[in-house]
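Because only heavy atoms are used, hydrogens play no part in the values below, and waters and symmetry mates are left out as well, while side chains stay in. Atoms within a ligand are numbered from 1 in the order they appear, just like the ligands themselves.
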Amino acid sequence: MEGVISMTEEKQYKEFTIDTVIPFAKEHGWFEKNDVISAKEIGDGNLNYVFRLENEQGKSIIIKQSLPYAKVVGESWPLTLHRATIEAEALKKHGELAPGLVPEVYYTDETLAITVMEDLSHLTIAREGLVNGNVYPKLATDLGTYLAKTLYGTSDFGLHPFEKKRLQVKFSNPELCKITEDLIFTDPYFDAETNDFEEALREDVAHIWQDNALKLAIAQLKYIFLTKGEALVHGDLHTGSVFVDENETKVIDPEFAFYGPIGFDVGQVVANLLFQYFTRTGDAQAQIATDIQAVWSTFEQTFKAQWETKNESAHANTPKFYETIIAQIWQDTVGFAGAELIRRTIGLAHVKDLDSIADDMERIAAKKRALSTGRQLIVHRENIQTVTELLAEVTGERIA
Ligand code: SR1
Ligand code: MG
């Protein structure tokens, strides 16, 4: 068939379509030749195609393919295909360290920029579920466990220095890091073309562009992001990168993975729960505060337990060493959470939590709150020393 990518031809990159992905899957033996397969492109992210294939017996797989450009913008924004390999290798590494919390990878092909993996369609994207008001009792503790296991396990505490540096080279991801450097740490603080905000926020945004204390603090956070190669971070750990139901949590999409600051991943989780906090009231809001506390306490306890049982550092038992490390991670977490709050409100890629609020006044009020909280977390991160203090800051109870 014309356009089918055959194993016998010399392989070169070609975008899959519904018509070409089915014979490809059969040729690789994931389905029988005579299977009747339904295939659908289900990708709703900013960058890639995601095909779901299912036969009549209910067997299903996901074939994810990176495009040579950013789907959200179009062909004018070229983007490395190597991100597919980064994603697949990060899924495998994180799967070894946090079994059950990431999808299983069946196959990868660097040239075609594809990852074939476990179908998680029985689960819901956490952002969608949370926006719809669903409750996920395991989400917070599973995320805390995932964070602690993947981040400790790829850090200098969890790995021999040779292995850590080997992984640091393997997961060099400059193009995807540059997206983050621009979209999170630079563009929202200047009158950049990529920014995207509602006219009703113009005054708030103008203040941000002139706020020297904020600009200094974000410059410092960007420098931490650029230089602090602590662990193999996921790099884009918002609630759209998490599949969930009442019993299971799976973290997907680590194409932005690289050796970066541990607090970057933790901060993104905290910020994306805060978006939910801003949209809720009463018990539903209190639930999100409890979840934020649970993410951090599970992360901290699991990180500490690993520190005490397997630690490569000769200084592991030096009094106060653990305390200084965890305090730095927390401080970075607070600052990076603030950066995520601001970029998702006025930068290129928004969140449904805020954008889907139908009432104009409520939506603008929630966005203003995200901006002001973001500023506080970024500028005052050194003074917000516990998760309780962070929540007090969010509710306006903290006295600076
Ligand atoms: C051009 S990519 C825009 C955003 O989408 C991804 O999910 C990352 O969050 C990135 O910053
Ligand atoms: Mg993504």
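Between Glu175 and Arg83 there is no salt bridge, since none of the side-chain N atoms of the basic residue sits less than 4.0 Å from a carboxylate O of the acidic one.
Environment of NZ in Lys178: sparse, with no more than 12 heavy atoms of neighbouring residues, nucleotides or ligands closer than 6.0 Å.
Judged by the 6.0 Å distance and 45° axis criteria, Lys222 is not positioned over the aromatic ring of Tyr189. A cation-pi arrangement is absent between Lys64 and Phe51 under the rule of less than 6.0 angstrom and at most 45 degrees off the ring axis.
Ligand 1 lies out of reach of Glu255, whose nearest heavy atom is not under 4.0 Å from it. By the 4.0 Å heavy-atom criterion, Thr180 is excluded from the residues contacting ligand 1.
Looking only at protein heavy atoms, the nearest one to atom 5 (O) of ligand 1 is Asn46 ND2, 2.6 Å. Counting protein heavy atoms only, atom 6 (C) of ligand 1 is closest to Asp236 OD2, 3.3 Å.
One distance of note links CG of Leu112 with OH of Tyr13; it measures 8.5 Å at 0.5 Å rounding. Rounding to the nearest 0.5 Å gives a distance of 11.0 Å between CD of Glu181 and CG of Asp187.
Ligand 1 places these atoms under 4.0 Å from at least one heavy atom of His238: 7 (O). Of all atoms in ligand 1, numbered sequentially from 1 with element shown, those under 4.0 Å from a heavy atom of Leu183 are 3 (C), 11 (O). Under a 4.0 Å criterion applied to the non-hydrogen atoms of Arg343, ligand 1 contributes the atoms 4 (C), 9 (O), 10 (C), 11 (O). Remark: ligand 1 atoms within the under-4.0 Å shell around heavy atoms of Arg344 are 9 (O).
Proximity of Leu47 to ligand 1, defined as any heavy-atom pair under 4.0 Å, is confined to the side chain (atoms from C-beta onward). Neither the backbone nor the side chain of His350 comes within contact range of ligand 1; no heavy atom lies under 4.0 Å.
Checking side-chain atoms of Asp265 against main-chain N and O of Gly235 turns up a donor-acceptor pair under 3.5 Å.
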